[in-house]
2 protein chains.
Amino acid sequence: MSRSGADLALLLLAGFRTLADRATAELADRGFEDVRPVHDFALRSILSGADSTSELARRLSVTRQAAAKTIAALEERRYVARQPDSDDRRRTRLRVTEHGLALLRQGEAVFDELREQWEKQSGKASVSTLEETLRSLVGDSAIRLDSPGWIARLPDVE
Amino acid sequence: MSRSGADLALLLLAGFRTLADRATAELADRGFEDVRPVHDFALRSILSGADSTSELARRLSVTRQAAAKTIAALEERRYVARQPDSDDRRRTRLRVTEHGLALLRQGEAVFDELREQWEKQSGKASVSTLEETLRSLVGDSAIRLDSPGWIARLPDVE
DNA sequence: TCAAGATAGGCAACCCGGTTGCCTTTGTCA
DNA sequence: TGACAAAGGCAACCGGGTTGCCTATCTTGA
């Protein structure tokens, strides 16, 4: 009954996308439109201290230019703001706005609800087993993967 | 100990990316460079009967233009070829080349090996439990998801 | 039989999240 | 003070998508 390894990969992808898509939709319902996973990742990094373009770029393992674009998007949507900085090279310091904090809180809540939904469907044990298996396979630290950019890249997780 | 729902999503993504990245690297080692998951999906669809741009587009749930680009890439790499067709609207019919078949075979082998590797690490039971849980959660048919294009879209699986 | 409509294909332009290459500004330190 | 590191940003590009619009061919039914 066990199928090919490719199926396994597809299932993992489908699982992620199911969660991510539902979360995106739910967040849109709650008034946070135009939010993408990458925004959430970036916001978290900024919140935990990445207050400049270069620093954010390092934490997300992307180029400065990519980070700058992400920041521009976040700024446009008022999730982050800039403040003058003493070091005139960097000129501004990033700060997560109240709106941004609200997004993070809602995002967390949404994902938690989705997880609970899964637990209701398959049982708490199944979900945590799944999680444990995966964690042991990809490693706690492997949430930092280096690879081509055909998906929102994963940030460092402090 | 159980963490947030977002972690669950991240783990699924990390799992997929681990497999996909390793597969891509391994295929490159075996002489198939420049191969991306989307190529594999498309090739499989063509092999199982999607012999025109429009048909491939339908199976991959993308626009005809996107399918055309993918086909162009596959053709360039000699994984598919075109043949004249009786219907002059479509003008050509797609065919998977020997080279393309070789890629598919190698791809399957690589994924199977990766799966075995995981089984050695976590035990056969764990991997198949993981798979069963996921299958029940996303559904066998959910491998067709409709959503924004920030990742290689999944094809119909016949 | 022939006009309307469905179907296949393709071009151009754009989006998003990345990249590289190159350049300026500012700060630091020998 | 002058060399260099570090931050930022512009322009151009890429991959895998999108939409809008256009033509060519086949099919059908009045």
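Naming: A, B, ... by sequence-line order, numbering from 1 per chain.
The shortest distance between the side-chain N/O atoms of B/Thr63 and the OP1/OP2 oxygens of D/dT19 is not below 4.0 Å. Close to D/dA7, at under 4.0 Å from its OP1 or OP2, lies no side-chain N or O of A/Ser52. Look at A/Arg58 and you'll find a side-chain N or O under 4.0 angstrom from OP1 or OP2 of D/dA7.
For the pair A/Arg93 CZ and D/dG8 C1', the computed distance is 16 Å after rounding to whole Å. Taking atom CD on A/Glu75 and atom C1' on D/dG8, their separation rounds to 14 Å, with Å as the unit. The separation between A/Asp34 atom CG and C/dC16 atom P is 8 Å, rounded to whole Å. If you take CG of B/Leu56 and C1' of C/dG9, they are 14 Å apart, rounded to a whole angstrom. In this structure, CD of B/Gln65 is placed 15 Å from P of C/dA13, rounded to the nearest angstrom. The distance between atom CZ of B/Arg64 and atom P of D/dC21, rounded to the nearest whole Å, is 14 Å. If you take CZ of A/Arg77 and P of C/dC16, they are 8 Å apart, rounded to a whole angstrom. In this structure, CD1 of B/Ile71 is placed 16 Å from C1' of D/dG15, rounded to the nearest angstrom.
Both B/Lys69 and B/Asp51 lie near DNA chain C, and the one whose nearest nucleotide falls closer to the 5' end is B/Asp51.
Every residue two or more places apart in sequence or in another chain that forms a side chain to side chain donor-acceptor pair (under 3.5 Å) with A/Arg82 is listed here: A/Glu75, A/Thr92.
A/Arg93 and A/Gln83 share no side-chain donor-acceptor pair at under 3.5 Å.
When distances run from any side-chain atom of B/Ser54 to the nucleotides D/dG17, C/dA8, C/dT19, the shortest one goes to C/dA8.
Taking the charged nitrogens against the carboxylate oxygens, A/Glu113 and A/Lys120 have no contact shorter than 4.0 Å, which rules out a salt bridge.
Rounding to the nearest 0.5 angstrom, the gap separating the CG atom in A/Leu114 from the CG atom in B/Leu8 is 9.0 Å. From A/Thr18, atom OG1 reaches atom CH2 of A/Trp118 across 6.0 Å, with rounding to the nearest 0.5 Å.
A/Thr53 comes within 4.0 angstrom of the backbone, heavy atoms only, and of no base.
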